Amino acid sequence: MFKPIYIYIKIKRDWVNVTNLETGETVSKSAINSFSTIRNIVSNFNNASATIESAIKDLKLKKSLMSTKILIHQLEGIEGGLSDIEKRALRDIAELVGANKVLIAEQSAPIPIHLALENLKNI
């Protein structure tokens with residue numbers, strides 16, 4: 001039987017951090033090609049997803065046939081909350097890199113690994 005994969009993705013300007021929540025292993029990557037502008041953290045969808053996919057590949061995660069659950073978290077540019085467009089972009093990026101279920105964090109501080117895992121197991 002295949003176990004679900006639980007991933008926590010943190011995004012800043014032209015930078016991502018991807019954590020395997022089961023092992024705690026983390027990979028940080030600067031953008032392969034810029035995906036941010038002064039106004040938007042994710043302004044180029046394809047470049048952002050390529051950077052995240054590269055980080056996931058470095059973690060050597062094998063996609064599960066059962067489920068991949070991703071918590072995606074934009075850590076900058078969230079004053080006043082995320083817009084619907086930003087939420088949609090984050091959800092679409094997570095789905096593009098393999099998520100069957102997506103949870104979007106809307107707080108400014110990173111989430112501890114144990115809480116991130118607990119939140120994903122409950123969706």
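Keep in mind that what you see is a predicted model, and the values were worked out from it rather than measured. We count residues from 1, following the sequence as given.
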Item checked: Main-chain N/O of V42 paired with N40 side-chain donor or acceptor, under 3.5 Å -> no

Notebook entry, point to check: Do I113 and V102 belong together in a cluster built from hydrophobic side chains that touch within less than 4.5 Å?
Noted result: no

Notebook entry, point to check: If you look at every heavy atom in L75 and S108, which pair is closest and at what distance?
Noted result: CD2-O, 3.7 Å

Item checked: Value rounded to 0.5 Å, distance of CG in N20 from CD in E25 -> 7.0 Å

Check: Can we say E22 and K3 salt-bridge, meaning some charged N sits less than 4.0 Å from an Asp/Glu carboxylate O?
Finding: yes

Check: Yes or no on side chain to side chain contact (heavy atoms under 4.5 Å, CB included) for K69 and K121, after CA distance, side-chain angles and deciding distance?
Finding: CA-CA 8 Å; K69 296 182 179 184; K121 285 187 174 184; 5.7 Å; no

Next item on the list: Hey, could you give me the CG/CZ distance between L103 and R91, rounded to the nearest 0.5 Å?
Entry: 8.0 Å

Checklist line | Hydrophobic cluster identity match, L71 and L90, side-chain contacts under 4.5 Å | finding: no

Margin query: If we ignore hydrogens and angles and just use 3.5 Å, is the side chain of T51 paired with the main-chain N or O of N47 as donor and acceptor?
Written below: yes

Item checked: From OG1 (T68) to CD1 (I7), nearest 0.5 Å -> 6.0 Å

Notebook entry, point to check: Is any side-chain heavy atom of T23 closer than 4.5 Å to a side-chain heavy atom of L59?
Noted result: no

Checklist line | Co-membership, hydrophobic cluster, residues F45 and I72, 4.5 Å side-chain | finding: yes

Note to self: If hydrophobic clusters are built by linking Ile, Leu, Val, Met, Phe, Trp and Tyr wherever their side-chain heavy atoms come under 4.5 Å apart, do V27 and I111 end up in the same one?
What the structure shows: no

Next item on the list: With the side chain counted from C-beta on, respond yes when N44 and N33 share a heavy-atom pair under 4.5 Å apart, and no when they do not.
Entry: no

Notebook entry, point to check: Nearest 0.5 Å, what's the CD1-CG distance between I5 and L21?
Noted result: 11.5 Å

Notebook entry, point to check: Any donor and acceptor pair, going by atom type alone, linking the side chain of D14 with main-chain N or O of A31 inside 3.5 Å?
Noted result: no

Notebook entry, point to check: Side-chain contact, heavy-atom cut-off 4.5 Å: I9 with I93?
Noted result: no

Check: OG1/T26 to OH/Y8 distance, rounded to the nearest 0.5 angstrom?
Finding: 10.5 Å

Note to self: Using every non-hydrogen atom in the two residues, find where V97 and S49 come nearest and quote the distance to one decimal.
What the structure shows: CG1-O, 3.8 Å

Check: Looking at S28 and N17, what are the two nearest heavy atoms and their distance?
Finding: OG-ND2, 2.7 Å

Check: Nearest heavy-atom pair of A55 and K29: which atoms, and what distance?
Finding: CB-CG, 3.9 Å

Margin query: So which atom in K87 and which in I104 form the shortest heavy-atom distance, rounded to 0.1 Å?
Written below: O-CD1, 3.3 Å

Check: Under the side chain to side chain contact (heavy atoms under 4.5 Å, CB included) criterion, do I78 and I41 qualify, and how do the steps go?
Finding: CA-CA 9 Å; I78 57 170; I41 303 303; over 6 Å; no

Item checked: Distance, nearest 0.5 Å, that separates CD1 of I123 from OH of Y6 -> 9.0 Å

Margin query: Show the nearest heavy-atom pair for residues P110 and K10, with the distance to one decimal.
Written below: CB-CD, 4.2 Å

Next item on the list: Verify the cluster assignment for I56 and L120: are they in a single hydrophobic cluster under the rule of side-chain heavy atoms below 4.5 Å apart?
Entry: no

